Student: 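Could you have a look at this structure, given as structure tokens, before my questions?
Labels below follow one simple rule: chain letters A, B, ... track the order of the sequence lines, proteins then strands, and each chain is numbered from 1. Quick caveat: nothing in here was measured; it's all calculated off a predicted structure.
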Protein chains: 2
Amino acid sequence: MPPPDLRIALADRARGGTRQRVYDALRDALVAGRLEPGRRLSENELAEALGVSRTPVREALVRLRDDRMVEIVPQLGTFVSKISIGAVADAQFVREALECAAIRLAAGRVGDAELLQLQAIVAQQDEAHAGHDFDRFFVLDDAFHEALCEASGHGIAWSLAQRADGHLVRVRRLSLPVPEYMGEMIDEHRAVLEAVAARDPDRAEEALRHHLRMVLSVLESIRAEHPEFFAEA
Amino acid sequence: MPPPDLRIALADRARGGTRQRVYDALRDALVAGRLEPGRRLSENELAEALGVSRTPVREALVRLRDDRMVEIVPQLGTFVSKISIGAVADAQFVREALECAAIRLAAGRVGDAELLQLQAIVAQQDEAHAGHDFDRFFVLDDAFHEALCEASGHGIAWSLAQRADGHLVRVRRLSLPVPEYMGEMIDEHRAVLEAVAARDPDRAEEALRHHLRMVLSVLESIRAEHPEFFAEA
DNA sequence: GCCGCACACCTAGTATGCAAGCGTGCCCCC
DNA sequence: GGGGGCACGCTTGCATACTAGGTGTGCGGC
């Protein structure tokens, strides 16, 4: 019985190589939960579904394994990683370490243009909130954190945090459709932004750390709600 | 004119897949400077030199590009990245952020067995110092930092730091043959270890941060000595 | 009816072949 | 003699073919 819903859309041709497009498409499908944890993937099936050969699919999967999003078992198959409490804790640790270090720097060197950009992002988040547009809010949330890291002068912090963040993103996606959380998160963004604007590294770090830990507070309820997505360990 | 010294040894067969062995061999050759910055690599040459096909070579190179150790230019070639001041700063930032966060945790939860292990590593470093064995010291230095991260409960910190660390490792390799630095580094390891043993997160973080920044103090002299290894920017 | 073995299918790993693009060097023209 | 243009060879990117190994299934024996 072939899997029923392997419809993964590739972005427009010619933007980046095939490998990058396949990676993006797969990662998006994974974090959005369209490829549910535990499912078996096959290079052949993915290649056919995406209309490309096995080679770029394979290379994308290898990269996703580095992200701990899939597990490749030789001669057996490739599986969507179940959400592991340990992996979530690791992702949280990495993200806190990198982003908190970044924001301390950002608070010391942020310019007016960057502050305006951050404020604009938060304003757009208000709009998304008003329109109950979860997907848009998600994009803007990433944009906010990315802009913060960029302001630190070490944009790499965001690249690494995002790649290490797979398990956490899936949890967030599951938790997001609770409207009140969106409002809380925007408030926290404002608190972070104010501290950065005040050039107060300690307060900025504290606000960001609190913000980043919010997601953990709902982890257990998510797990109770979707136990099949989690590994036992 | 074919490159003269593409003799890269592969580790024993059957340990990990071919891709992993090729990656390890190439990375080792890169950080050791046997493949000097700016050099052009060719998938074909590497595959021939290593006695494997292009496929695992290609996948290893893609991963090394993620590490910023090589630059792949389509239809042109793959080049050993020159050491970039910006990339060194990024690597330093990432390593500081991850390891300092890890050691704070480690100071709060380290067990006696782990302390003994750390002490044993430092003792071995003394031996390497006495024997002027730079390579051995290098391995033991990595082991010390890895053990610290493991003691934090987030071994992933070491994995990520090490992967992001390519540019920094090359600098360290160039700077290492100065014997007095080895003694200083061991002293700093001791200071870090004492603070962890005393369960003092603040002092541990401070000692580690100071230790990690030592390498930067010699960066400019290294650059003056080997300008051909560095990018202009 | 149940347990064990063997076969067939499917998997990822690897090797090789083909296509497209860029750089370089030679050759022709001015 | 100098400059412009074309063609060749090299590169990586992608597609395809082949290999080795593991799993599950179905059949045969008990």
Side-chain angles (χ1 to χ4, degrees), chain A residues 1-4 6 8 10-26 30 35 38-81, chain B residues 1-4 6 8 10-26 30 35 37-82:
Chain A
M1 182 181 67
L6 263 182
I8 304 167
L10 253 60
D12 322 324
R13 279 194 81 91
R15 272 222 319 250
T18 305
R19 169 181 51 234
Q20 185 64 35
R21 287 185 295 122
V22 171
Y23 173 82
D24 290 341
L26 284 177
L30 285 165
L35 296 177
R39 173 179 197 153
R40 187 165 68 85
L41 302 176
S42 147
E43 294 181 356
N44 286 317
E45 284 177 4
L46 291 173
E48 192 179 1
L50 293 167
V52 298
S53 86
R54 274 183 59 206
T55 307
V57 171
R58 172 179 177 71
E59 293 177 353
L61 287 175
V62 168
R63 205 167 164 197
L64 286 166
R65 186 186 52 176
D66 282 344
D67 297 349
R68 300 174 73 176
M69 295 293 292
V70 303
E71 286 161 23
I72 302 176
V73 184
Q75 277 52 314
L76 184 61
T78 301
F79 301 85
V80 180
S81 299
Chain B
M1 182 180 69
L6 263 182
I8 303 166
L10 252 61
D12 324 324
R13 281 194 77 92
R15 271 223 317 253
T18 306
R19 167 182 52 238
Q20 185 64 36
R21 288 185 296 122
V22 171
Y23 173 82
D24 291 341
L26 284 177
L30 285 165
L35 296 176
R39 173 181 197 151
R40 186 166 69 83
L41 302 175
S42 148
E43 294 179 357
N44 285 318
E45 285 177 4
L46 291 173
E48 192 178 0
L50 293 167
V52 298
S53 85
R54 273 184 59 208
T55 306
V57 171
R58 172 179 178 71
E59 294 178 352
L61 287 175
V62 168
R63 203 166 166 200
L64 285 166
R65 185 187 55 175
D66 282 345
D67 297 348
R68 300 174 74 177
M69 294 293 291
V70 302
E71 286 162 22
I72 301 176
V73 184
Q75 298 11 326
L76 185 60
T78 302
F79 302 85
V80 179
S81 298
K82 296 214 172 188

Student: For a side chain to side chain contact (heavy atoms under 4.5 Å, CB included) check, start with the C-alpha distance between A:Asp67 and A:Tyr23, then their side-chain angles and the critical distance, and finish with the verdict.
Tutor: CA-CA 11 Å; A:Asp67 297 349; A:Tyr23 173 82; 2.5 Å; yes

Student: State, yes or no, whether a side-chain contact exists between B:Leu41 and B:Phe79 at a heavy-atom distance under 4.5 Å.
Tutor: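 The answer is no; the side chains never approach within 4.5 Å.
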
Student: Give the first and the last nucleotide of DNA chain C, reading 5' to 3', that has any atom under 4.0 Å from a heavy atom of chain A.
Tutor: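 Reading along DNA chain C, I get C:dT11 to C:dT14.
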
Student: Rounding to 10°, can you tell me the angle the first-five-pair axis of the helix from C:dG1-D:dC30 to C:dC30-D:dG1 makes with its last-five-pair axis?
Tutor: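 If I round to tens, the end axes sit 20° apart.
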
Student: Could you walk me through whether A:Val22 and A:Leu46 pass the side chain to side chain contact (heavy atoms under 4.5 Å, CB included) test, one step at a time?
Tutor: CA-CA 9 Å; A:Val22 171; A:Leu46 291 173; over 6 Å; no

Student: Using the closest heavy atom to pick a nucleotide of DNA chain D for each, name whichever of A:Leu76 or B:Glu43 lands nearer the 5' end.
Tutor: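 With A:Leu76 and B:Glu43 compared, the 5'-side residue is B:Glu43.
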
Student: Return the residues of residues 59-75 of chain A meeting this criterion: a heavy atom under 4.0 Å from some atom of DNA chain D. Order them by number, or give none.
Tutor: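 Correct list: A:Gln75.
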
Student: For the CD atom of B:Glu71 and the CG atom of B:Leu64, what is their distance to the nearest 0.5 Å?
Tutor: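 Spacing of CD (B:Glu71) from CG (B:Leu64) equals 12.5 Å.
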
Student: OP1 or OP2 of D:dG13 sitting under 4.0 Å from any side-chain N/O of A:Thr18?
Tutor: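 Checking D:dG13 against A:Thr18, no side-chain N or O comes under 4.0 Å of OP1 or OP2.
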
Student: Should A:Ser53 be listed as having a side-chain N or O under 4.0 Å from OP1 or OP2 of D:dA15?
Tutor: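 So the side chain of A:Ser53 is within the cut-off, an N or O lying under 4.0 Å from OP1 or OP2 of D:dA15.
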
Student: Tell me every residue that passes side chain to side chain donor-acceptor pair (under 3.5 Å) with B:Arg63, counting only those two or more places apart in sequence or in another chain.
Tutor: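 Listed in chain order: A:Asp66, B:Gln20.
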
Student: Figure out the CZ/C1' separation between A:Arg19 and D:dC14, and round it to whole Å.
Tutor: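 Taking CZ of A:Arg19 and C1' of D:dC14, I get 10 Å after rounding.
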
Student: Let me know the distance between CG of B:Leu46 and P of D:dC10, rounded to the nearest Å.
Tutor: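 To the nearest whole Å, that distance equals 16 Å.
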
Student: Report the distance from atom CZ of A:Arg58 to atom C1' of D:dT16, rounded to the nearest whole Å.
Tutor: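 Interatomic distance, CZ of A:Arg58 to C1' of D:dT16: 14 Å.
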
Student: Which atom names give the shortest non-hydrogen contact between B:Pro37 and B:Ser81, and what distance separates them?
Tutor: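 Reported closest heavy-atom pair: CB-O, 3.5 Å.
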
Student: List the residues meeting salt bridge (charged side-chain N to carboxylate O under 4.0 Å, His left out) with B:Asp24, not counting sequence neighbours, and say none if there are none.
Tutor: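 In terms of salt bridge (charged side-chain N to carboxylate O under 4.0 Å, His left out), with neighbours along the sequence ignored, B:Asp24 is linked to no residue.
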
Student: With sequence neighbours excluded, give me every side-chain hydrogen bond (donor to acceptor under 3.5 Å, both in side chains) pair touching residues 49-58 of chain B.
Tutor: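 Residue pairs passing side-chain hydrogen bond (donor to acceptor under 3.5 Å, both in side chains), neighbours aside: A:Glu59-B:Arg58, B:Glu43-B:Arg54, B:Glu43-B:Arg58.
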
Student: Could you work out, with side-chain contact (heavy atoms from CB on, under 4.5 Å) as the rule, every residue matching B:Ile72, not counting sequence neighbours?
Tutor: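 Listed in chain order: B:Leu61, B:Val62, B:Arg65, B:Val70, B:Thr78.
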
Student: Using every non-hydrogen atom in the two residues, find where A:Val57 and A:Ala47 come nearest and quote the distance to one decimal.
Tutor: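 Scanning both residues completely, I find the closest heavy atoms to be CG2-CA, 3.8 Å.
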
Student: Nearest whole Å is fine: how far is D:dT23 P from A:Phe79 CZ?
Tutor: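 Nearest whole value for this atom pair: 10 Å.
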
Student: Verify the contact: side-chain N or O of A:Arg54 to OP1 or OP2 of D:dT16, cut-off strictly under 4.0 Å; return yes or no.
Tutor: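 No, A:Arg54 has no side-chain N/O under 4.0 Å of OP1/OP2 on D:dT16.
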
Student: Could you tell me the separation between the CZ atom of A:Arg40 and the CG atom of A:Leu76, rounded to the nearest 0.5 Å?
Tutor: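 Spacing of CZ (A:Arg40) from CG (A:Leu76) equals 7.5 Å.
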
Student: So what does B:Ser42 hit on the nucleic acid, given a heavy-atom distance under 4.0 Å: a base, only sugar-phosphate, or nothing?
Tutor: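 It contacts sugar-phosphate atoms only.
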
